[in-house]
Amino acid sequence: MVKRVARVLRITLAWALAAAGVAGCAKQEEGTRTLQFWTIGREGEAVAKLLPAFEAEHPGLHVEIQQLPLTAAHQKLLTAYAGDSTPDITQLGNTWIPEMVALGALEPLDARVAGSKVVDRDDYFPAIWSTNVIDGTLYGVPWYVDTRLLFYRKDLLAKVGYDHPPRDWNEWQAMMARLAQPQGKAYGVLLPTNEFEQLLALALQQDDPLLRDGGRYGNFRSPGFKKALAFYVSMFKDQQAPMMTNVGIGNPWAAFGQGFYAFYLSGPWNIGEFRKRLPPEQQGEWGTVALPGPNGPGASNAGGSSLVIYRASKHKDDAWALIEFLSRPAIQARFYEILGDMPPRRSSWLAPALKDDDKATAFRDQLERVKPTPPVAEWERIVTEMQLVAAQAAHGDLTIDQAAEEIDRRADRLLEKRRWMLDHGHKATP
């Protein structure tokens with residue numbers, strides 16, 4: 001069945017190869033091997049600065065980078081697979097790995113890791129590593145991590161009587177109630193209603209899984225998810241969060257500096273943005289802190305990108321050599337200095353640029369308490385539907401129970417093919 005799906009994909013998508021710009025290999029100089037490496041977004045520009053050292057260590061090997069725009073990357077990767085035009089190695093968001101594994105596109109890496117003197121799985125944050133393991137087999141090596149925590153205004157908290165950031169949900173809510181004054185002109189927190197990451201982080205803090213029965217059905221009617229959804233919705237209902245999308249807020253950095261909101265649940269790239277966009281006199285007035293949970297320190301999402309090797313690669317040893325090079329703690333520290341992408345290895349955090357940065361250390365703390373999302377190919381569509389329904393609940397159009405039931409209904413519909421495949425003894429395909 002998987003092979004039949006792959007053949008259909010190849011026939012259906014072959015016409016798009018030329019337009020997608022994914023086919024063909026560069027003409028090689030005699031005696032030179034070319035390794036095709038696809039990256040997504042700005043990572044290509046950053047990694048290009050690291051490659052001369054790698055090529056110097058491997059005479060006769062040239063790495064050719066192709067940068068895929070984030071908005072088109074997923075389709076281009078599927079198109080390349082369908083047309084037998086995959087690269088040797090690519091950057092892959094860890095939520096995309098289950099889909100590529102279901103297609104049989106990726107090379108298992110357990111044996112290579114077992115024999116590696118560089119890639120040490122015990123040095124990686126466990127939940128980040130686990131996002132690369134599907135049905136007990138490793139298919140990727142984490143390259144950088146992405147999680148969410150709180151950016152907050154220290155000075156605004158001090159004005160309402162707090163000398164520390166929130167330690168649990170009750171304290172966080174009490175702070176936001178004081179900060180959301182005058183009503184309608186100042187808010188406790190910014191939670192853009194078109195972003196799913198904030199609600200997802202709150203949901204991951206619960207004991208109940210988000211899917212049940214081996215990923216066959218949604219589990220959004222569980223007590224845990226409904227608790228997270230109720231807390232999320234309450235922040236809008238009590239006017240502690242503005243009912244805005246990230247488009248509506250316009251410039252979130254300026255709004256943060258102006259005191260429009262005091263907390264921002266966001267990711268590591270905003271360290272650089274706030275340092276660049278806030279005036280010098282405000283640089284000491286903001287900080288970062290790991291997410292509070294219902295009863296103490298809370299979990300967050302285990303996001304990020306990994307490095308994978310395609311099964312069709314003819315240069316797998318060279319591709320693995322590049323993965324080992326990019327996995328060195330010193331190289332990961334340099335990558336962070338260039339781009340700000342945070343490393344997945346604990347030892348990489350010993351670099352001064354990270355260890356001595358008071359804004360980065362909160363992320364180091366949070367990474368010990370992150371959780372992976374369900375490893376199913378349909379997950380990104382499910383979580384998008386989750387947020388669409390949650391926005392309706394935030395607007396007051398649905399109760400918590402109604403919203404939870406509707407998210408389950410939409411998730412179950414998206415998982416219908418997966419259930420059929422699994423129930424008939426096949427691997428689930430996207």
Side-chain angles (χ1 to χ4, degrees), residues 35 37 39-40 43 47 50 54 57 88-102 104-147 204 209 215 268 290 299-311 313 315-336 341-351 354-355 360-361 363-377 379:
L35 192 66
F37 182 18
T39 64
I40 301 171
E43 278 69 24
V47 79
L50 304 173
F54 173 74
E57 293 180 8
D88 299 292
I89 178 176
T90 191
Q91 165 192 356
L92 203 63
N94 56 20
T95 58
W96 293 0
I97 290 177
E99 181 177 25
M100 288 296 172
V101 170
L106 303 184
E107 179 77 3
L109 299 178
D110 291 284
R112 293 187 181 275
V113 170
S116 178
K117 295 181 180 179
V118 177
V119 179
D120 177 6
R121 72 176 67 205
D122 292 334
D123 190 34
Y124 288 77
F125 297 106
I128 298 295
W129 184 270
S130 73
T131 63
N132 294 266
V133 179
I134 308 297
D135 295 331
T137 300
L138 179 75
Y139 290 96
V141 173
W143 189 20
Y144 65 84
V145 295
D146 176 18
T147 191
L204 289 170
S300 192
N301 63 306
S305 275
S306 299
L307 299 171
V308 301
I309 300 173
Y310 278 94
R311 282 186 186 270
S313 171
H315 306 289
K316 292 175 184 175
D317 290 343
D318 292 331
W320 179 251
L322 179 55
I323 288 178
E324 286 192 311
F325 174 80
L326 294 174
S327 299
R328 296 176 189 173
I331 297 299
Q332 291 190 347
R334 175 66 182 139
F335 192 57
Y336 171 74
D341 286 349
M342 292 182 163
R345 302 185 65 160
R346 293 185 177 100
S347 58
S348 300
W349 284 78
L350 299 176
L354 285 159
K355 183 181 66 173
T361 52
F363 282 92
R364 170 66 178 80
D365 180 29
Q366 186 69 75
L367 286 167
E368 296 289 356
R369 294 187 307 280
V370 292
K371 288 184 179 181
T373 54
V376 300
W379 177 249

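Position 1 is the first residue of the sequence; numbering continues from there. Nothing here was measured: the structure is a model prediction, and the numbers come from that model.
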Open item on the list: I'd like to know if the side chain of Asn94 and the backbone of Ala302 have a donor-acceptor N/O pair within less than 3.5 Å.
Closed with: yes

Open item on the list: Let's go through Trp320 and Val118 carefully: what are the C-alpha distance in whole Å and the side-chain angles of both, what is the deciding distance for side-chain contact (heavy atoms from CB on, under 4.5 Å) to 0.1 Å, and is it a yes or a no?
Closed with: CA-CA 11 Å; Trp320 179 251; Val118 177; over 6 Å; no

TODO: Just do the side-chain contact (heavy atoms from CB on, under 4.5 Å) check on Tyr139 and Met100 with the steps written out, would you?
DONE: CA-CA 10 Å; Tyr139 290 96; Met100 288 296 172; over 6 Å; no

TODO: Would you give the length of the straight line joining atom CD1 of Ile128 to atom CE of Met342, rounded to the nearest 0.5 angstrom?
DONE: 12.0 Å

- [ ] Could you pull out the closest heavy-atom pair between Gln332 and Pro343, with the gap in Å?
- [x] OE1-CB, 3.4 Å

TODO: Would you name the heavy atoms of Leu106 and Leu92 that are closest together and state the gap between them?
DONE: CD1-CD2, 4.1 Å

- [ ] Without swapping roles, check the side chain of Arg121 against the backbone of Trp129 for a donor-acceptor pair under 3.5 Å.
- [x] no

Open item on the list: Keeping Asp110 on the side-chain end and Thr137 on the backbone end, is there a donor-acceptor pair under 3.5 Å?
Closed with: no

Open item on the list: Given 3.5 Å as the limit, does a donor-acceptor pair link the side chain of Arg311 with the main chain of Glu107, or not?
Closed with: no

TODO: Please determine if Asp120 and Arg346 form a salt bridge, counting it only when a charged side-chain N lies under 4.0 Å from a carboxylate O.
DONE: no

Task: Closest approach of Trp349 to Ala360 (non-hydrogen atoms, all atoms of both residues) - done: CZ3-O, 3.4 Å

TODO: Taking all heavy atoms of Pro372 and all of Ala127, pick out the closest pair and write down the distance.
DONE: CD-CB, 4.0 Å

